[in-house]
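Keep in mind it's a predicted model, so treat the numbers as computed, not measured. For reference, positions follow the sequence shown, starting with 1. Counting starts at 1 for both ligands and their atoms, in listed order.
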Amino acid sequence: MLSKNLQFFSLLFGSLIFGTGFFATGLSCARATGRPTYEIQNAISSDNVVPLVIIGSGPAGLSAAVYGARGKIDTLVIEGNKPGGLLTETTSVENWPGETSILGPDIVKKMKAQAQHLGARFLSDAVESVDFSQWPFEIKTENGQTIHAMAIVIATGAAPRRLNIPGEDQYWGSGVTSCAVCDAPFFKGEEVVVIGGGDSAAEESMQLAPYVKHVTVLVRKDRMVAAPSMQDRMKGFSNLSVKYNLEPQEVLGDGMRVTGIRLLNATNGEIIDMPIAGVFLAIGHNPNTGLFVDKLKLDKAGYIVLKPGRSQETLVPGVFAAGDVEDHSYRQAGVAAASGIKAALDAARFLTEIGLNDEVAAQLQGQEFRGIHEAVQGQVIRVKNMEDFNSLVTNSSGTVILDFFADYCPSCMQMLPVFEASAADFAGKAIFAKVDADEATDVVEKLFVHKVPCLIVFKNGELVAKYNDVMSKKELKAFIEQFV
Ligand code: NDP
C-alpha cells in the first residue's frame, strides 16, 4: 500500500524530480544539492525515526496530517502549546468552504478526528529545538523526547501582537487580554474596548457585546479593514460602536485593575482618557518562528521564506512550511489548510526521492518513534466556593497552587492536563487545586481573576504569585519550583 501511494506521488512529480536536477536511485539515493546528505541508510540506522513530522496542529498542520496519513506515510503531529491554533479562539466561521456557519473549534475537532481516522499519530508536547544540520532532522521536545524526522512540515502559526505601550504588561490579565471568547464573561455589565480594525477586532467585539454594557472598537485609521460582511454583522448589536483615528497611548489603572485607556486623536493631536474596565487586543499577529531563527531563512517580518516556485519547501530540502507561519497575505483558515495539503504532497515527493519505499518502511519499523508517554495525573482538589477556598488556602501552611479555568476556554483545556501532570511531579511538596471560574464566582471576585487560565500561588496563606497565561509543562515546572 505504501509503495502504491509513493509510486503515485512519484508518477505525479516524476518530471519535476528530473526537471530540478535531483535523482532517485532507491536506498542509496542522496540529494544532489544542499546539506546535509540525505542518505536513506542514515534513517535506517537512527533511533526514534518518523518519516513525516508535522509541527503544529492548526488547520495547516491538520490538513498536512490528513494528506500524509492518507498517503500511508507514518505521520506524527506534535501539537504544540496551543493545540488547534488560533481557530480555537474564534466562534462562528462563515467562510469555511462547505459550511454555512461552523464554530472554529469544531473545524479543528473534525480535522483532527479525520487525521486520526486515517492513521496520523498525535503527540501532546511542544518542540523545544530543531537541528536541520543533520539528517534525519533532530527534534527535541519540552517533555524530553528526541525524534528523528525524515521530512518536516512546520505549521506553527502566528501569535497575537501586543501594543507595547505603558500599562499593557502591568495590567495583563487584570483587564488587558487578547481572547474575547475566553474572558468576555469576566466583563459582564462593564464598558470595554477592542483595539484594531480587522476581522479579529470585528469578531472580538461581537463576542463581547452579549456580555458587556458597551463595547467600543478603537481603530487607528479612518476605516476598518474587516470584511464588509463582518462590519454589517456588527451593526446588529445596539451596544457596539466604532470610533476612528484613535491610537492607544497607555493603559490606565489603579494599581490593581484597568480603569481606562489614554488615546491620541490622530486628526487633531488631542489626548483623551476613556474610562473603561477592559482592553481586548486584536491588532494582528506575528509568525511563531522563534524556533527557526538561524535555522531557516526568515524575512524581515519573521515569516519563513519558501523556495521560489509553486512549492511549500523552505530553503532546507525536506523542511516544508504551511499556513500563517509563512503566509503574509491571505491568513485565512482555508488557505492555511490548502497550504498544509501542498506541504504534505511536497513532503511525500521528497520522501519518494530520497528512497522511502515499502522495503525501507519495513526496516524503519524497529526504530520508529514510540516514546509517547501518557501524563500521570496527580491529585487535584476542586475548589467550588469561598468555603472550600478558606479551608484549603487561608488557614493552611505550605504552598497551594490554584488553576482558574473555564470549560469554553481552549487554552484552559490545554492547561488542565499539564497542571494535573505537575501535581503528580510535585506530590507532597505543594497542593494543587482547580477552580471553575463560572462555579466559584465568589473566589474569582475576591482574587480579581479577569483572565483564564490564571494560576495563583499561596504560601502559608499569603498570595505570592499570579500568572495569567497558558504554560508548557516545562514552564510550569520552573514556575512552581520557585515556591516549593
Ligand atoms: P489584520 O492585520 O487584518 O488587522 C489588524 C488591525 O489592527 C488593523 O486594523 C491594524 O491597523 C490594527 N493595528 C495594528 N497595530 C496596531 C496598533 N499598534 N494600534 C492600533 N491598531 C493597530 O489582523 P486580524 O487579526 O484582524 O486578521 C488576521 C487575518 O485573520 C486576516 O486575514 C483575517 O481575515 C483573518 N481572520 C478571519 C476571521 C474570520 O473569517 N472569521 C476572524 C479573524 C481573523 P492598520 O490597518 O492601521 O495597520
Open item on the list: With a 6.0 Å cut-off (strictly less than), is the heavy-atom count around NZ of Lys466, excluding the residue itself, greater than 12?
Closed with: yes
TODO: Please report which non-hydrogen protein atom sits nearest to atom 42 (C) of ligand 1, along with the residue it belongs to and the distance in Å to one decimal place.
DONE: Glu203 OE1, 3.3 Å
- [ ] Examine the proximity of ligand 1 to Ala282 and report which part, side chain or backbone, both or neither, has a heavy atom under 4.0 Å away.
- [x] backbone
Open item on the list: How far is atom 39 (C) of ligand 1 from the closest protein heavy atom, and which atom is that?
Closed with: Met230 CE, 4.1 Å
Task: Which residue and heavy atom of the protein sit nearest atom 7 (O) of ligand 1, plus the separation - done: Ile283 CA, 3.3 Å
Open item on the list: Within the structure provided, determine whether Thr267 and Tyr244 are in side-chain contact (heavy-atom separation under 4.5 Å).
Closed with: no
TODO: Starting at CG of Leu476, measure out to CZ of Phe419 and round the result to the nearest 0.5 Å.
DONE: 7.0 Å
- [ ] Decide whether an N or O pair under 3.5 Å exists between Gly197 and ligand 1.
- [x] yes
Task: Protein contact of atom 40 (O) of ligand 1 - nearest heavy atom, named by residue and atom, plus distance - done: Asn95 ND2, 3.2 Å
Task: Interfacing atoms of ligand 1 (cut-off 4.0 Å, heavy-atom, Arg331) - done: 2 (O), 29 (C), 30 (O), 31 (C), 32 (O), 35 (C)
Open item on the list: Which of the numbered atoms in ligand 1 are under 4.0 angstrom from any heavy atom belonging to His285?
Closed with: 25 (O)
- [ ] Working to the nearest 0.5 Å, report the span between CE of Met206 and CZ of Arg233.
- [x] 4.0 Å
Open item on the list: Using a 4.0 Å cut-off to any heavy atom of Gly196, which atoms of ligand 1 qualify?
Closed with: 7 (O)
Task: ligand 1 contact on Ile195 by region, counting heavy-atom pairs under 4.0 Å - done: side chain
Open item on the list: Side chains of Asn268 and Glu270: any donor to acceptor distance under 3.5 Å?
Closed with: yes
Task: atom 23 (O) of ligand 1 [closest protein heavy-atom partner, distance rounded to 0.1 Å] - done: Gly284 CA, 3.5 Å
Open item on the list: For Asn143 and Thr141, which I'm curious about, is there any donor-acceptor pair between the side chains at under 3.5 Å?
Closed with: no
Task: Residue, atom name and distance, where the atom is the protein heavy atom closest to atom 19 (N) of ligand 1 - done: Leu163 CD2, 3.6 Å
Task: Atom pair NZ (Lys342) and CD (Gln312), whose distance is rounded to the nearest 0.5 Å - done: 4.0 Å
Open item on the list: Considering non-hydrogen atoms of the protein only, which is the closest contact for atom 36 (N) of ligand 1, and what is the distance?
Closed with: Asp199 CB, 3.7 Å
- [ ] Within a distance under 4.0 Å of any heavy atom of Tyr330, pick out the atoms of ligand 1 and give their elements.
- [x] 32 (O)
Task: Side chain, backbone, both or neither: the part of Gln332 lying under 4.0 Å from ligand 1 by heavy atom - done: side chain
Open item on the list: Tell me whether the count of non-hydrogen atoms from other residues, nucleotides or ligands lying under 6.0 Å of CD in Glu445 goes above 12.
Closed with: no
Task: Option of least heavy-atom distance to atom 27 (O) of ligand 1 (set: Gly198, Ser178, Ala336, Ser200) - done: Ser200
Open item on the list: Between the side chains of Lys140 and Asp131, is the shortest nitrogen-to-carboxylate-oxygen separation below 4.0 Å, so that they form an ion pair?
Closed with: no
Open item on the list: Working to the nearest 0.5 angstrom, can you tell me the gap between Glu191 CD and Thr216 OG1?
Closed with: 6.5 Å
TODO: Give a yes/no verdict on a cation-pi contact between Lys112 and Phe122, requiring under 6.0 Å between NZ or CZ and the six-membered ring centre and an angle within 45° of the axis.
DONE: yes
Open item on the list: Nearest non-hydrogen contact with atom 46 (O) of ligand 1 belongs to which option: Arg220, Lys221, Met224, Arg162?
Closed with: Lys221
TODO: Of the side chain and backbone of Leu218, name the one, both, or neither that has a heavy atom under 4.0 Å from an atom of ligand 1.
DONE: neither
